[in-house]
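Below is one structure, written out as structure tokens; the observations come after it.
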Amino acid sequence: MPSISRSLRSAKAQKFSAAGLGIAGAAALAVTVVPAGNASADSARSAARTVDAKPAAVSDQAPIAQTQSLGASSSSLVSAKTEAGGEKRGSIAEALAADEALNGTIAAKTQAESRAKADVVKKKEAAEKKAAAERDGEETSRSGDRKADYPDNLDGWIREARAIMQEKGIPGSYEGIHRNIIRESGGDPRAINNWDINAQNGVPSKGLLQVIQPTFDAYHVEGTDYDLYDPVANIVAACNYAADRYGSMDNVNSAY
């Protein structure tokens, strides 16, 4: 019997120890959750539930918020890229339009310049033709006036020639011209020398003052006929040559 009593006491002691440990663990948990020493078990449980619920709520919402934030960022980035691409295409289109406008302006300017140059050329040609016509008319008028004013003989030829010579600044008196004409041709405007050195060289002396063709060509005076046999043209060309070589026809007293 004594041994049975010790066993029962030992078993009770173990139960009490286990119960004490359980109570101690509960007390420790309550103290950890609720710092105040006078808080009730309901407050502790409520606080424990609150503490347990908050992390769950945070952990559930955080990924959603991050996903939404990433989605918004991605959408903003796509929108920005789209807008940038649109602006770039718009800039390229504007640049191409500006180039086309510039090319059109250059082409128009080139055409305008070409037309202006062509107009200038046409006006110049027209002015030259008009001036030439006026000169021809004046020369014809002067020639007609001279022929009308001077008789068609040696005296008239010399006087007409001297009038032209005075206009052109060519020296030569009536006497000096007349003297040389009589010696060279006898007053015949169709006289020709076929035997002297000039004739042998193929350029015979012709006309009132026996002028060879090369000399006539070199000393012909504008306003007179371009004909070596024309009496007035022959006198004026011969006097122009004599003025250049001898100072004046008055200084010529022999073949020249």
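Quick note: residue numbers are just sequence positions, from 1. Basis for what follows: all heavy atoms, side chains included, without hydrogens, waters or symmetry-related copies.
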Taking the side chain as every heavy atom from C-beta outward, state whether [X] and [Y] have any atom pair closer than 4.5 Å.
X: V211; Y: K206; value: no
X: S185; Y: L209; value: no
X: Y246; Y: N253; value: no
X: P151; Y: W157; value: no
X: D230; Y: N234; value: no
X: V236; Y: Y219; value: no
X: L154; Y: I182; value: yes
X: K117; Y: V121; value: no

Give, for atom [atom1] of [X] and atom [atom2] of [Y], the distance between the pair rounded to the nearest 0.5 Å.
X: I235; Y: N240; atom1: CD1; atom2: CG; answer: 13.5 Å
X: E175; Y: I158; atom1: CD; atom2: CD1; answer: 10.0 Å
X: D155; Y: E160; atom1: CG; atom2: CD; answer: 11.5 Å
X: S173; Y: D250; atom1: OG; atom2: CG; answer: 3.0 Å
X: N251; Y: R245; atom1: CG; atom2: CZ; answer: 13.0 Å
X: K168; Y: M165; atom1: NZ; atom2: CE; answer: 13.0 Å

Practice item. Would you please say whether a donor-acceptor pair under 3.5 Å links the side chains of D196 and N193? Key: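 Side-chain D/A pair, D196 to N193: present.
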
Review point. Hey, is the main chain of Y229 close enough, under 3.5 Å, to the side chain of D227 for a donor-acceptor pair?
Key: yes

Check your understanding: Does R159 use its side chain to pair, donor to acceptor, with the backbone of Y150 at less than 3.5 Å?
Key -> no

Review point. Do R162's NZ or CZ and the ring of Y174 fall within the cation-pi criteria of under 6.0 Å and 45°?
Key: no

Can you give me the closest heavy-atom contact between [X] and [Y], atom names plus distance?
X: M249; Y: G176; result: CG-O, 4.0 Å
X: N198; Y: S205; result: ND2-OG, 3.4 Å
X: P171; Y: G247; result: CG-O, 3.4 Å

Review point. Are V221 and V232 connected, step by step, through hydrophobic side chains (Ile, Leu, Val, Met, Phe, Trp, Tyr) whose heavy atoms are closer than 4.5 Å?
Key: yes

Practice item. Examine Y226 together with F216 and report whether their ring centres are nearer than 6.0 Å. Key: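 Yes.
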
**Study point:** Full working for side chain to side chain contact (heavy atoms under 4.5 Å, CB included) between V252 and R183
**Key:** CA-CA 11 Å; V252 178; R183 186 191 66 250; 3.9 Å; yes

